[in-house]
Visitor: 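Just passing along the structure, written as structure tokens.
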Amino acid sequence: MSAPVIEKPAKRQTLKSARLARAHWLYSIEDVIALYLVSRQTVRNWMRYGLKAIEAQKTLFLGQDLNEFHARRRKEVKVPCSFEEIYCVCCKQKHSFLIEPFTVEQRGKFRTLVSIQCPETGGRATKFVRESDLHRLRDLQKRNCSAETPD
């Protein structure tokens with residue numbers, strides 16, 4: 001007797017492309033679940049948040065509408081940061097290199113990793129910068145520190 005073979009469930013992946021669906025195809029809810037590896041409730045949530053559906057005998061989605069919906073979702077969640085800011089995925093906020101102490105780690109010849117510890121959650125937020133940007137960042141931090149101390 002051999003041990004029964006257990007199949008692993010499909011692992012949910014992050015959306016790599018906002019254009020997974022073919023533009024002129026119609027997709028049922030089951031097709032959308034299989035295409036994006038999500039649950040039925042997720043598709044219902046997407047409909048609540050603006051995914052256009054065609055109501056027929058069964059709910060259908062136009063591929064173009066699926067692609068537009070995901071492109072819009074991706075655009076809405078982007079948080080643009082200025083040069084001296086970093087976005088922390090732990091607390092979902094921006095932090096300034098001018099206020100928070102940061103560490104610098106050389107990664108290869110032309111890559112420098114700058115990181116801070118999030119004051120809210122204690123997690124690490126990291127950002128790759130060029131060497132010239134690192135010098136500029138340190139100069140701004142020195143100016144900021146000298147402006148805070150009274151003479």
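Along the sequence shown, residues are numbered consecutively beginning with 1.
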Visitor: Within the supplied structure, the quantity of interest is the number of heavy atoms (other residues, nucleotides, ligands) at a distance under 6.0 Å from Arg72 CZ; does it exceed 12?
Guide: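 Count over threshold, so yes.
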
Visitor: Arg138 versus Val104: any side-chain heavy-atom pair under 4.5 Å?
Guide: yes

Visitor: For the residue pair Ser28 and Lys58, what are the closest heavy atoms and their distance?
Guide: CB-CE, 3.9 Å

Visitor: Quick one: name the residues clustered hydrophobically with Leu60, using the 4.5 Å side-chain heavy-atom rule over I, L, V, M, F, W, Y, and just say none if it's on its own.
Guide: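 Answer for Leu60: Leu26, Ile54, Leu62.
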
Visitor: For Ser82, does its backbone N or O pair with a side-chain atom of Glu85 as donor and acceptor, under 3.5 Å?
Guide: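 Indeed, once roles are kept as given, a pair shorter than 3.5 Å links the two residues.
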
Visitor: Assess, by modelled atom type and distance only, whether the side chains of Asn45 and Thr42 contain a donor and an acceptor separated by less than 3.5 Å.
Guide: no

Visitor: Would you say that more than 12 heavy atoms from the other residues, nucleotides or ligands in this model lie under 6.0 Å from the CZ of Arg124, or not?
Guide: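 Correct, the count exceeds 12.
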
Visitor: Is it the case that the side chain of Lys142 and the backbone of Asp139 share a donor-acceptor pair, with hydrogens and angles ignored and the cut-off at 3.5 Å?
Guide: no

Visitor: Do Arg130 and Asp133 sit within salt-bridge range, that is, some charged N less than 4.0 Å from a carboxylate O?
Guide: yes

Visitor: Measuring from atom CZ of Phe128 to atom CZ of Arg111, what distance do you get when rounded to the nearest 0.5 angstrom?
Guide: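 Spacing of CZ (Phe128) from CZ (Arg111) equals 4.0 Å.
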
Visitor: So for atom OH, which belongs to Tyr49, do other residues, nucleotides or ligands contribute more than 12 heavy atoms lying within a distance under 6.0 Å?
Guide: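 No.
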
Visitor: Would you give the length of the straight line joining atom CZ of Phe102 to atom OG1 of Thr126, rounded to the nearest 0.5 angstrom?
Guide: 14.0 Å

Visitor: Is the closest side-chain donor-acceptor distance between Arg44 and Thr59 under 3.5 Å?
Guide: no

Visitor: Rounded to the nearest 0.5 Å, what separates atom NE2 in His95 from atom CD in Gln117?
Guide: 10.5 Å

Visitor: With rounding to the nearest 0.5 angstrom, report the CD1 to CD distance, Ile86 to Glu100.
Guide: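 Going from the CD1 atom of Ile86 to the CD atom of Glu100 covers 10.5 Å.
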
Visitor: Let me confirm one number: the OH-CG distance from Tyr36 to Leu66, rounded to the nearest 0.5 Å.
Guide: 4.5 Å

Visitor: Output yes when Arg40 and Glu30 qualify as a salt bridge under the 4.0 Å nitrogen-oxygen rule, no when they do not.
Guide: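 Judged by the 4.0 Å cut-off on N to carboxylate O distance, Arg40 and Glu30 do form a salt bridge.
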
Visitor: Do Lys94 side-chain atoms and Pro80 backbone N/O form a donor-acceptor pair below 3.5 Å?
Guide: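 Yes, the answer is positive, given that a donor and an acceptor are paired below the 3.5 Å cut-off.
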
Visitor: Test of understanding: clusters of I, L, V, M, F, W, Y form through side-chain heavy atoms closer than 4.5 Å, transitively. Do Tyr87 and Val77 belong to the same one?
Guide: no

Visitor: Decide whether Trp46 and Trp25 are clustered together by the hydrophobic rule: side chain heavy atoms of Ile, Leu, Val, Met, Phe, Trp, Tyr closer than 4.5 Å, transitively.
Guide: yes

Visitor: Can you tell whether the side chains of Arg107 and Glu105 come within less than 4.0 Å, N to carboxylate O?
Guide: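 A salt bridge is present here (some side-chain N lies under 4.0 Å from a carboxylate O).
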
Visitor: I need the minimum non-hydrogen distance between Cys90 and Thr121, along with the two atoms involved.
Guide: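 Answer, listing the atom of Cys90 first, then Thr121: CB-OG1, 3.2 Å.
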
Visitor: On a heavy-atom basis, which atom in Leu20 and which in Asn67 lie closest, and how many Å separate them?
Guide: N-OD1, 3.5 Å

Visitor: Would Gln106 and Glu131 count as a side chain to side chain contact (heavy atoms under 4.5 Å, CB included) if you check the C-alpha gap in whole Å, the side-chain angles of each, and the deciding distance to 0.1 Å?
Guide: CA-CA 10 Å; Gln106 194 68 34; Glu131 194 68 30; 3.8 Å; yes

Visitor: A side-chain contact here means heavy atoms from C-beta on lying under 4.5 Å apart; do Thr103 and Val114 qualify?
Guide: no

Visitor: I need the Tyr27 OH to Phe61 CZ distance, nearest 0.5 Å.
Guide: 12.5 Å

